Student: 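Pasting a structure here, questions to come.
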Amino acid sequence: MTLTAAERDSDGASSAPSHVVIDGTRERIRVRALDSGGRVLEDRLLPAVQLPTLVEGWEPFSPRWVWDTAARYPGLLAAGVRVERCHDLRLARGILRRAAATAERFAAIPVDGWDDLPAEQRTAPAALFGLEPEAAPADALTEFERQNAAVEAAPRPGALRLLLAAESAGALAAAEMWHAGLPWRADVHERILEQRLGPRVGDGVRPAVLERLLAEIREALTAPALNPDSPVELVKALRAAGLVVESTRSRELAALEHPAIPPLLEYKKLARLASANGWHWLDRWVEQGRFRPDYVVGGVVTGRWATRNGGAMQLPKQIRAAVTADAGWRLVVADAAQLEPRVLAGMAQDRSMAKAGHGRDLYDGIVATGAVADRTAAKYGMLGALYGATQGTGGRLVPRLAQRFPQSLGLVERAARIGEQGATVSTLLGRTSPPPSEQWRAAQRAATDLDADPVALRRARSLAREQGRFTRNFVVQGTAAEWALCWMAELRKRLWELGSGALHERPHLVYFLHDEVLVHTPEGVAEQAAQAVREAAVTAGRLLFGGFPIDFPLDVAVVDSYADA
DNA sequence: CCCAAAGGCCAC
DNA sequence: AAACGTGGCCTTTGGG
């Protein structure tokens, strides 16, 4: 048996670390263990290959690992080591540098290795933040202390602490989901493709069903050489056939009456399946029964996640049947019902809206108040309010909702006004929207000139409204992302406790999509996993909104295949 | 030859 | 039951 670092240490209780800061290069790392007062208990250098052993030794004390999760954690997972908590220095830097509550403290800090900027922005950081050119990354402990000081000095330190903890837990979950992979049955996927497209073909070859549809389209349009994948060619061919079209979008084409239209719409649908999620996709992204999307935590300005590789956030419903639990395992599929309007009700402390959503579908509840006629109207109206609709069905319904729910609708209206004026807004936990570009400001300045021409005025007003729609949506989408992070963080903890052994032997997260999670779980604990999902949603609601009575109901299904949820 | 924009469509 | 928010990624197209 090997002794843990703590057991080897003769100091006993004083050696239990509260935080462990991991710093250094790919080859050699520096480890500093801190006690709860921030004092350094231990400071040593070691080869990076020894990190798993070191982490395993300290982890029984549940320290918060202070590090760059994306750089350190995948290697640990590969070595079979899972950690409970961390503080992601890179993600925290990104949030704190932009947050209204802390930005000032980072304004003089040069853009360095803790800033996660795309390569092209690194060459010109001054344009981004008005800062000096790139500097060497600060020492991790120095950066950690700076971040802590910034949080403590903020008007609402608790909110920022929760945000950083949730974001960091998200980073752990993202690495773990990559490690575990989404169970993917290539044979099921291939059956779907064959059914819809015909037998498998090589890259660059049109599947048989597409060839057949193509022949019909060419015939109906008398365009024997038409390539329907080219919008330019297609629009010409449609016009030559006497059809009045502005574009080749399916929505527009669907309204037309012509023999070419049905096969063309079918062709577009199947061509998309073939190119986006066809055999090429399967070969490229699915390996040994797993699809491993690369989650980019906080990759969206609002705090939502992005993904790279395989388009994981656009898995079309058509192929979800391929997502199938392993033998003896089940999938728990859960999504939050009407998440964004509920989050808005919580932020606005809107008791009327909260009551409408209490114990029932929120949109049904809105109908019950008499504000609108039916559920679809309630839904389009609320989405219109969140997106800033001014026209169409949504736009017409917004005023009616504003009358019935002045608090919620007032909150998004105010956020829009702030954006229109070029200012920033923040989420409930304190993530701040990026300010508008210098171009945007120049356009607004140009419009204030006494002799501004009408074109410049129109342009400025249009840009202002656009920025208003962005900030309007930012506060709600961003706070919903915070709810989802808290949900996932709590769920991750509960799932771990439902099993024993390695991560892949216990119930674990395998997919996350804004307001939806998939858990892969041994059959025997599937119901407990489903219950954990529900309880975690309650906890997330409390973390964000305290005692305010807003529900976050879920649709939960325990299934063999994602398509059955 | 590479690369970015445009058009389009998938997800929430 | 749209033209209103956030994204990724495919093909075509045209510029260097």
Side-chain angles (χ1 to χ4, degrees), chain A residues 120 203-204 206 227-235 245-255 264-265 267-278 280-281 284-285 293-296 298-320 335-341 343-344 363 372-398 412 415-416 419 425 433-434 462 465-481 484 511-517 562:
Chain A
E120 68 273 15
D203 283 2
R206 262 200 196 92
N227 174 11
D229 299 326
S230 163
V232 175
E233 275 190 46
L234 185 53
V235 116
V245 289
E246 286 303 311
S247 75
T248 66
R249 284 197 289 269
S250 293
R251 286 196 97 91
E252 189 183 341
L253 300 186
L264 181 53
L265 291 175
Y267 178 94
K268 281 160 102 36
K269 192 157 201 68
L270 293 175
R272 160 88 188 186
L273 174 65
S275 71
N277 298 101
H280 181 77
W281 182 93
R284 184 153 178 215
W285 301 118
D294 191 359
Y295 291 99
V296 186
V300 178
V301 281
T302 56
R304 272 188 176 183
W305 292 12
T307 62
R308 281 185 290 242
N309 302 340
M313 296 211 154
Q314 315 136 252
L315 291 180
K317 302 213 160 102
Q318 282 181 303
I319 59 161
R320 290 186 175 184
D335 72 287
Q338 308 97 40
L339 178 59
E340 291 192 352
V343 160
L344 174 58
Y363 299 135
V372 294
D374 57 38
R375 187 180 184 279
T376 313
K379 178 174 173 176
Y380 276 84
M382 280 310 299
L383 292 178
L386 298 178
Y387 294 161
T390 53
Q391 296 178 358
T393 314
R396 276 197 305 279
L397 290 162
V398 172
V412 286
V425 294
S433 64
S462 155
R465 278 195 299 264
E466 196 177 299
Q467 185 69 12
R469 287 194 298 273
F470 168 62
T471 50
R472 168 197 294 271
N473 190 250
F474 182 94
V475 291
V476 180
Q477 189 182 113
T479 306
Y511 187 62
F512 170 61
L513 185 57
H514 309 315
D515 62 355
E516 181 173 354
V517 296
Y562 192 11

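Small disclaimer: the values here were computed from a predicted structure and weren't measured. Sequence lines set the chain letters: A, B, ... in the order given, protein chains first and strands last, and positions in each chain run from 1.
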Student: Take atom NZ of A:Lys268 as the centre, draw a 6.0 Å sphere, and report whether it contains more than 12 heavy atoms from other residues, nucleotides or ligands.
Tutor: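 Count over threshold, so yes.
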Student: Can you check the A:Lys268 NZ to C:dT11 C1' distance for me, whole Å?
Tutor: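 After rounding, the reported distance stands at 11 Å.
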Student: I'd like to know if A:Asp229 and A:Arg206 make a salt bridge, using a cut-off of under 4.0 Å between side-chain N and carboxylate O.
Tutor: yes
Student: NA contact type, A:Leu513, heavy-atom cut-off 4.0 Å: base, sugar-phosphate, or nothing?
Tutor: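 Answer is sugar-phosphate: A:Leu513 comes under 4.0 Å of backbone atoms only.
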Student: Measure from NE2 on A:His280 to C1' on C:dT11 and round the result to the nearest Å.
Tutor: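 Taking atom C1' of C:dT11 as the reference, NE2 of A:His280 is at 13 Å.
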Student: Touch check for A:Val476, heavy atoms < 4.0 angstrom, all strands: base, sugar-phosphate only, or nothing?
Tutor: nothing
Student: Report yes if a side-chain nitrogen or oxygen of A:Arg272 is closer than 4.0 Å to either non-bridging phosphate oxygen (OP1 or OP2) of B:dC10; otherwise report no.
Tutor: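 No, no such contact exists.
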Student: Select base, sugar-phosphate, or nothing to describe what A:Lys379 touches, counting heavy atoms under 4.0 Å on all strands.
Tutor: nothing
Student: Under the 3.5 Å rule, do the base of B:dC12 and the side chain of A:Arg304 count as making a donor-acceptor pair?
Tutor: yes
Student: Ignoring hydrogens and angles, answer whether the base of B:dA11 and the side-chain atoms of A:Asp515 contain a donor-acceptor pair closer than 3.5 Å.
Tutor: no
Student: For the residue pair A:Met313 and A:Tyr511, what are the closest heavy atoms and their distance?
Tutor: CA-OH, 4.1 Å
Student: Among C:dA3, C:dT11, C:dG5, which nucleotide has an atom closest to any side-chain atom of A:Asn473?
Tutor: C:dG5
Student: Hey, which sits more toward the 5' end of DNA chain C by its nearest nucleotide, A:Arg308 or A:Gln477?
Tutor: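 Comparing both residues, the 5'-ward one is A:Gln477.
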Student: For B:dG8, does either OP1 or OP2 sit under 4.0 Å from a side-chain N or O belonging to A:Thr248?
Tutor: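 Affirmative; the distance criterion is met.
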Student: Whether A:Lys317 contacts B:dC12 is assessed here as follows: a side-chain N or O lying under 4.0 Å from the phosphate OP1 or OP2. Is that the case?
Tutor: yes
Student: Not counting sequence neighbours, which residues clear side-chain contact (heavy atoms from CB on, under 4.5 Å) with A:Ala336? List them please.
Tutor: A:Leu339, A:Trp483, A:Asp515, A:Leu554
Student: Would you tell me if any nitrogen or oxygen in the side chain of A:Asn277 comes within less than 4.0 Å of OP1 or OP2 on B:dC10?
Tutor: no
Student: Which sits closer to the 5' end of DNA chain C, A:Tyr380 or A:Gln314, going by the nucleotide each is nearest to?
Tutor: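 Nearest nucleotide further toward 5': that of A:Tyr380.
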